[in-house]
Protein chains: 2
Amino acid sequence: MGTTQLDTVPEPKYWHLKTVIGEALDSDFAVGEILPNERELAARFGVARATLRQALEQLELEGRLQRRRGVGTTVAPPRMGVDVSASLQDWPGSPTDAWQPVGCTTALPPAAVARALDTDTDEDVHTLRRMLVTHGQPVAAELLYVPSSSVPELSAIDAPAGAARARAVLRELQRLAPAGLDRAVELGSARADDAKELDRLPGAPVLVVTTRYLTEGRTAVVSVATYRADTCRLTFGASGDLEIRHDTAQRRAS
Amino acid sequence: MGTTQLDTVPEPKYWHLKTVIGEALDSDFAVGEILPNERELAARFGVARATLRQALEQLELEGRLQRRRGVGTTVAPPRMGVDVSASLQDWPGSPTDAWQPVGCTTALPPAAVARALDTDTDEDVHTLRRMLVTHGQPVAAELLYVPSSSVPELSAIDAPAGAARARAVLRELQRLAPAGLDRAVELGSARADDAKELDRLPGAPVLVVTTRYLTEGRTAVVSVATYRADTCRLTFGASGDLEIRHDTAQRRAS
DNA sequence: GAGTGGTCTAGACCACCCT
DNA sequence: GGGTGGTCTAGACCACTCT
């Protein structure tokens with residue numbers, strides 16, 4: 001007697017909630033629409049607010065919701081495709097480069113950077129800060145490490161620190177002969193400074209793209225670019241419009 | 001009078017904790033070492049367990065910790081580089097392909113898949129399941145969508161469903177003439193089935209790589225590959241050993 | 001000032017792994 | 001059975017944005 005039902009492994013509540021709300025987003029809400037606040041949603045589903053928040057966090061991680069303190073929770077538009085395909089013609093500072101320089105400091109590099117650059121810690125490195133903005137929204141923040149030996153003419157220029165020097169460094173980079181480039185993508189969490197520029201809270205999930213630009217025989221530049229993981233999809237090649245909704249695509253196949 | 005100290009914006013406790021523990025990991029722990037359990041750590045730092053967990057979650061997201069239910073929290077090794085650079089010679093099923101087919105079903109496609117394939121919803125699609133395992137650890141799970149029109153000879157073969165049919169489909173794919181490929185990377189959370197194969201809990205962060213394989217004029221195959229975001233770094237090009245510890249790299253430059 | 005999401009607490013119970 | 005991380009609760013207060 002007793003359990004007429006099979007002993008279903010109890011699905012966590014927040015996981016079930018995420019599914020339910022996700023389906024509601026597809027059917028009952030339009031992009032940009034504001035959801036009821038967390039306290040009301042929690043009451044409506046009969047769960048504690050913390051549990052509801054766990055579900056909303058998942059949906060935000062998947063880019064389906066956007067939450068802003070003091071404002072509310074809104075339905076996010078589909079992620080925008082950001083082309084990060086690499087080519088030798090697209091070195092930092094090239095005419096097609098959409099990044100906006102915002103600053104530059106010059107100092108001895110931390111050990112990790114020196115290692116990536118295959119240089120010594122006693123050689124000055126220019127550290128450029130750049131932003132990528134699309135449709136009025138900040139998309140990525142970048143740190144470009146340029147050893148002073150990659151731009152030997154620059155010391156004579158004596159540009160003031162800040163955006164002006166950043167532009168000067170980028171201009172000098174155009175003299176180099178590109179010989180290759182390699183790249184890695186991994187998950188990270190936004191440092192406080194990046195978070196601020198990306199209009200997110202510290203710790204927000206980001207996609208970190210590390211690129212090493214090579215001239216013959218050595219690493220000329222290293223870039224660490226931090227993309228908002230909630231709002232963008234990195235594309236390689238001309239596949240900007242490719243979109244498979246990860247959840248729904250699988251409802252049918254096993 | 002009163003506040004002799006400047007009104008520091010209070011840094012969240014979990015953020016500060018994350019920093020402190022992160023530094024301890026660098027100096028006091030070896031890879032694979034087991035940390036004290038959460039209740040003890042929380043007590044030691046004088047915070048609630050939930051707060052401590054928030055810090056640990058961040059560190060796990062960054063690939064610095066590994067937590068397993070019933071076992072404990074261990075210091076994770078550096079992320080492994082997984083080469084996902086694309087080339088026309090590396091189509092699914094090629095001799096250099098390290099993926100292991102585990103199953104195959106054939107059915108009418110869900111709408112989202114049909115859209116990605118530029119085909120109709122009334123044409124059968126083979127859905128292959130494959131795994132990528134490195135050093136004994138599951139790294140990624142893939143779904144390969146192959147419209148039956150891409151492997152016209154297959155219907156005659158009549159292979160049984162499962163791994164055998166998967167291999168048959170891959171073999172047939174080798175007849176095609178590759179004409180291009182494009183790719184996108186985005187953040188997602190593991191579906192229940194992927195999570196199980198990747199030895200993670202549902203909802204775990206993953207990097208979703210969507211690839212469209214083209215023959216002249218049409219999309220021949222679409223792949224949705226789900227990589228464990230905690231343990232791997234996707235590399236494009238031969239940059240397997242490039243590593244900049246995201247946090248420490250920035251201690252010095254602004 | 002009212003309303004929102006973000007942080008934090010102190011408990012409880014559960015699912016899982018080991019021995 | 002004992003210990004671990006995972007889930008969940010019912011509250012409290014804080015930081016922010018808008019009006």
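Within every chain, numbering begins at 1; the chains are lettered A, B, ... in the order of the sequence lines, protein sequences first and strands thereafter.
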Counting only side-chain nitrogens and oxygens, does B/N37 get under 4.0 Å of the OP1 or OP2 atom of D/dG3? no
Euclidean distance, atom CZ of residue A/R200 to atom P of C/dG6 [Å, nearest integer]: 8 Å
Could you pull out all residues at least two apart from B/T51 that satisfy side-chain hydrogen bond (donor to acceptor under 3.5 Å, both in side chains)? none
Is there a donor-acceptor contact under 3.5 Å from the side chain of B/R129 to the main chain of B/A166? no
Are OP1 or OP2 of D/dG6 and a side-chain N or O of B/R67 less than 4.0 angstrom apart? yes
Distance-only donor-acceptor pairs under 3.5 Å for side chains of residues 131-142 of chain A, two or more places apart:
residue : atom : partner : partner atom : Å
A/E142  : OE1  : A/R130  : NE           : 2.6
A/E142  : OE1  : A/R130  : NH2          : 3.0
A/E142  : OE2  : A/S223  : OG           : 2.8

Between P on C/dC16 and CG on B/L201, what's the gap in Å once rounded to a whole number? 9 Å
Value in whole Å for how far the C1' atom of D/dT7 lies from NE2 of A/H16: 16 Å
What is the distance from CD of B/E57 to P of D/dG6, rounded to the nearest Å? 8 Å
By side chain to side chain contact (heavy atoms under 4.5 Å, CB included), A/L201 pairs with (sequence neighbours left out) A/R69
Rounded to the nearest angstrom, tell me the gap between atom CG in B/L65 and atom P in D/dG5. 11 Å
May I have the distance from B/I34 (atom CD1) to C/dC17 (atom P), rounded to whole angstrom? 15 Å
Figure out the CD/P separation between B/E38 and C/dC17, and round it to whole Å. 16 Å
Contact under 4.0 Å: B/T73 side-chain N or O vs D/dG5 OP1/OP2: yes
At how many degrees, to 10°, do the end axes of the helix from C/dG1-D/dC18 to C/dC18-D/dG1 meet when each uses five pairs? 10°
Sugar-phosphate, base or nothing in reach of A/L56, heavy atoms under 4.0 Å: nothing
Hits for side-chain hydrogen bond (donor to acceptor under 3.5 Å, both in side chains) against A/Q100, two or more places apart or cross-chain, chain-then-number order -> none
Would you please name every residue forming a salt bridge (charged side-chain N to carboxylate O under 4.0 Å, His left out) with B/R49, sequence neighbours left out? B/E38
Contact class for A/R68 (heavy atom, under 4.0 Å): base, sugar-phosphate, or nothing? sugar-phosphate
How many whole angstroms separate atom CD of B/E40 from atom C1' of D/dG3? 13 Å
Whichever of A/G70 and B/G72 has its nearest DNA chain D nucleotide further upstream toward 5': B/G72
Please name all residues satisfying side-chain hydrogen bond (donor to acceptor under 3.5 Å, both in side chains) with B/Q66, sequence neighbours left out, ordered by chain then number. none
Salt bridge (charged side-chain N to carboxylate O under 4.0 Å, His left out) partners for A/E60, two or more places apart: A/R67, A/R200
For each nucleotide in nucleotides 8-14 of chain D, reading 5' to 3', give B when a protein heavy atom comes within less than 4.0 Å of its base, S when such contact involves only the sugar-phosphate, and - otherwise. SB--BB-
If we ignore angles and hydrogens, is there a donor and acceptor under 3.5 Å between the side chains of B/T226 and B/R191? no
